[in-house]
Amino acid sequence: MSPRTIPGSSGRPRPLRLLGDPALTEPCQEVTAFDGELARLVEDMYTTMYAADGVGLAANQIGVPLRVFVYDCPDDEDRRHLGHLVNPRLVEADGPVVRGPEGCLSVPGIEAGTPRHDHTVVTGFSVTGEPRTVTGTGFFARCLQHECDHLDGGLYVDRLTGLRRRRALRAAAKAPWAATTGASGR
């Protein structure tokens, strides 16, 4: 991906994996080859995220078990954050815990108040292997934590408890897409 191209402009959208798909529950593997295949994956991920109207997408959401995610997400001050991380590690999550609405492209149409820290730092690499550190606050911090959870085999519904969790899983089980995925939650 050339630094002058628009992310996703040359990619192809891939099918999303939905709640109930085993690809979403396994921790992802480290990327070891920073090559053209990785660059194509990242480009396809942007295309898929934009096609689904998302603000973030992890590789396992398209069935690729690698530690990669992309994002195009605003923070609470409406500043746009656009990028990707390869082999990301959540190194800091602090500040107040805020329960805010959260959804997921792998759980389409269902949102729930999910607790997340208001400040996050994630380290990783670019698609060419250059070290990167990304800091987020507010909604962008939520996005970074959400994508890191995906790469560890988790979904936002795993962070829900009690009535919120039961409602989200019940809604998922009744969703039109549930019949094809066995979406019953964990």
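Everything quoted here is computed from the prediction, not taken from an experiment. For the numbers below, each heavy atom of this structure counts, side chains included, while hydrogens, waters and symmetry mates do not.
In terms of hydrophobic clustering, with Ile, Leu, Val, Met, Phe, Trp and Tyr side chains grouped at heavy-atom distances under 4.5 Å, Val64 and Leu85 are assigned to different clusters. In the hydrophobic clustering of this structure, Val68 groups with Phe125; members are Ile, Leu, Val, Met, Phe, Trp, Tyr whose side-chain heavy atoms approach within less than 4.5 Å, directly or through other members. Placement of Tyr46 and Val86 within a single hydrophobic cluster is found when ILVMFWY residues are connected by side-chain heavy-atom separations under 4.5 Å, directly or transitively. Follow the hydrophobic side-chain contacts under 4.5 Å out from Phe139 and you never reach Leu57; the two are in separate clusters. Criterion: ILVMFWY side-chain heavy atoms under 4.5 Å apart, direct or through other members. Under it, Leu151 and Phe34 are not part of a common hydrophobic cluster.
No side-chain heavy atom of Val134 sits less than 4.5 Å from a side-chain heavy atom of Val121. Between Arg165 and Asp158, some side-chain heavy-atom pair lies under the 4.5 Å cut-off. At least one side-chain heavy atom of Leu90 sits less than 4.5 Å from a side-chain heavy atom of Thr120. Side chains of Asp118 and Val97 form no contact here, defined as non-hydrogen atoms less than 4.5 Å apart. Thr123 places none of its side-chain heavy atoms less than 4.5 Å from the side chain of Pro88. Annotation: side chain of Thr114 is in contact with side chain of Arg142 (closest heavy-atom distance under 4.5 Å).
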Practice item. Quick one: do His150 and Leu155 satisfy side-chain contact (heavy atoms from CB on, under 4.5 Å)? Show the steps, please. Key: CA-CA 6 Å; His150 272 302; Leu155 294 165; 3.2 Å; yes

Point to revise | Glu30 vs Leu66, side-chain contact (heavy atoms from CB on, under 4.5 Å): CA-CA, chis, key distance, verdict | key: CA-CA 6 Å; Glu30 294 283 320; Leu66 293 175; over 6 Å; no

Practice item. Output, in order, the C-alpha distance, side-chain angles, deciding distance and verdict of side-chain contact (heavy atoms from CB on, under 4.5 Å) for Glu102 and Arg159. Key: CA-CA 11 Å; Glu102 195 163 326; Arg159 293 192 171 270; over 6 Å; no

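Cys143 and Cys73 make their closest contact through CB-SG, 3.6 Å (heavy atoms, listed as atom of the first residue, atom of the second, distance). In terms of heavy atoms, Asp78 sits closest to Pro74 at OD1-CB, 3.8 Å. The two residues Gly63 and Ala23 have their closest heavy-atom pair at CA-CB, 4.4 Å.
When each of Leu19, Asn60, Leu24, Ile62 is checked for a side chain to side chain contact (heavy atoms under 4.5 Å, CB included) with Ser106, only Leu24 meets the rule. When each of His146, His81, His117 is paired with Phe140, the ring-ring contact (aromatic ring centres under 6.0 Å, His included) condition holds for His81 and for no other. Just one of Gln61, Arg14, Glu43 meets the side chain to side chain contact (heavy atoms under 4.5 Å, CB included) condition when paired with Thr48; it is Arg14.
Atom-to-atom distance recorded for Asp44:CG and Arg12:CZ is 5.0 Å, nearest 0.5 angstrom. Annotation: the span from Arg170 atom CZ to Leu163 atom CG amounts to 7.5 Å, rounded to 0.5 Å.
Ring geometry for Phe69 against Tyr71 counts as tilted: the plane angle lies between 30° and 60°, on a 0 to 90° scale.
Arg99 CZ: more than 12 foreign heavy atoms inside a 6.0 Å radius. For Glu77, the CD atom counts as densely surrounded, since its 6.0 Å shell holds more than 12 non-hydrogen atoms of other residues, nucleotides or ligands.
In this structure a side-chain-to-backbone donor-acceptor pair under 3.5 Å is present from Trp177 to Pro108. Panel note: side chain Glu130, backbone Ser126; no donor-acceptor pair is recorded below 3.5 Å.
Using a cut-off of 4.0 Å between Lys/Arg side-chain N and Asp/Glu carboxylate O, Arg116 and Asp149 are scored as salt-bridged. A salt bridge between Asp152 and Arg67 is present, with a side-chain N of the basic residue lying under 4.0 Å from a carboxylate O of the acidic one.
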